[in-house]
Amino acid sequence: MVTVENLTVSYRQHPALHHISGRFVDGSLTAVIGPNGSGKSTLLKSIMGLLRPAGGRVQVNTPRARIAYMPQLTEIDRTFPMSVQDCVQLGCWAASGAWGGVTPALRQRVANAITEVGLTGFEQRSVGSLSSGQLQRVLFARLMVQDADLILLDEPFNAMDSRTTDALLALVHRWHTEGRTVVAVLHDDEQVRAHFDQTLLLARELVAWGDTHTVLTGPNLQRARALAEAWDDHADICHTDELPSLPKREAV
Ligand SMILES: Nc1ncnc2c1ncn2[C@@H]1O[C@H](COP(=O)(O)OP(=O)(O)OP(=O)(O)O)[C@@H](O)[C@H]1O
């Protein structure tokens, strides 16, 4: 379970998330949607404990080693010299430990994951030489190997063609049926309606959170758009925000 309590996260004292509350129930499948700049990536980073809240907190009852996070492709350093196989194998870290060897069983898991995302033959290619869609498939293979209970995906299908997207959506459904909690930032309303039963609609503040058919309504989407149009990223800093004091993320 991930519980978000009155969460405010600011960059240089401009709130990117403002007083967000709600929870991701264990085993739920949730899409996070909203206009550009509405705080979706900021929410995922806050759940991962990568950002310090200016107010409120995020409580995560999943051990850190059982959480998987796929950042947006633009945030990944592709110049790092690493082969596809090594990159996927990083997903074994929780099972093998930092200095532990990769067992034949783990090596087989890596090979199976590379096959499942259609990258057989690419094992020794450097990740820097891959297309964006191929790299995204490598990241999915790494998630498969990681075997996490909580999976956070930031725009996971952005660089994918429709056939690959369908195959990876099937993988997301499999994770869901296996009881894992999946949270995915998405931009395609139709994809959300078709594949995600829970939706969180953000516009820096919470517009709606619950069953997808009750969240993705005309009035809610209109409200999100109206809020986005009112943002002024050059406004004076918000002096009313609390400054960070105590660590606010708790992992059990
Ligand atoms: N490192 C940062 N420093 C300053 N401002 C930031 C930083 N990261 C994000 N922001 C700002 O915070 C706001 C929310 O950004 P965020 O990336 O969370 O939105 P998003 O909903 O994921 O957007 P998109 O759909 O465009 O990916 C934006 O106004 C953005 O410019």
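Atoms within a ligand are numbered from 1 in the order they appear, just like the ligands themselves. Values in this document were obtained by computation on a predicted structure and should not be read as measured data.
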Handout entry: Rounded distance [0.5 Å steps], CG in L186 versus CG in N158
Key = 9.0 Å
Handout entry: Atoms in ligand 1 flagged as close to P35, the criterion being non-hydrogen separation under 4.0 Å
Key = 21 (O)
Problem - Heavy-atom gap K45 to ligand 1 smaller than 4.0 Å - result: no
Practice task
Using distance alone, with no hydrogens and no angle criterion, decide if R125 and S129 have a side-chain donor and acceptor under 3.5 Å apart.
Solution key: yes
Problem - Between H187 and E155: side-chain donor-acceptor atoms closer than 3.5 Å - result: yes
Completion exercise
Going by the 4.0 angstrom heavy-atom rule, the piece of E155 near ligand 1 is side chain
Handout entry: Contact (N/O only, under 3.5 Å) between G34 and ligand 1
Key = no
Practice task
For R137, check side-chain contact (heavy atoms from CB on, under 4.5 Å) against everything at least two apart and list the hits.
Solution key: V117, L119, Q134, M160, T164, L168
Fill in the blank from the handout: The reported gap from OG1 in T3 to CD1 in I47 (rounded to nearest 0.5 angstrom) is 10.5 Å
Problem - Non-neighbouring partners of F196 that pass ring pair (Phe, Tyr, Trp, His ring centres under 6.0 Å), sequence neighbours left out - result: none
Handout entry: Element-labelled atoms of ligand 1 that are located less than 4.0 Å from some non-hydrogen atom of R204
Key = 28 (C), 29 (O)
Completion exercise
CZ of R23 to CD of E5, rounded to nearest 0.5 Å, is 11.0 Å
Exercise for the section: With heavy atoms of A16 as the reference, note each atom of ligand 1 found under 4.0 Å away. Expected result: 12 (O), 13 (C), 14 (C)
Exercise for the section: Assign the ring pair H173 / H195 to parallel, tilted or perpendicular, where the plane angle (0 to 90°) is split at 30° and 60°. Expected result: tilted
Exercise for the section: May I ask you to list the atoms of ligand 1 that are less than 4.0 angstrom from any heavy atom of S38? Expected result: 19 (O), 20 (P), 21 (O)
Problem - N or O contact, G37 vs ligand 1, cut-off under 3.5 Å - result: yes
Practice task
List every atom of ligand 1 that sits less than 4.0 Å from any heavy atom of Q72, numbering the atoms from 1 in the order shown and giving each element.
Solution key: 27 (O)
Completion exercise
Near H187 (heavy-atom distance under 4.0 Å), the atoms of ligand 1 are 25 (O)
Exercise for the section: Check each of N158, N36, T42 against atom 18 (O) of ligand 1 and report the one with the nearest heavy atom. Expected result: T42
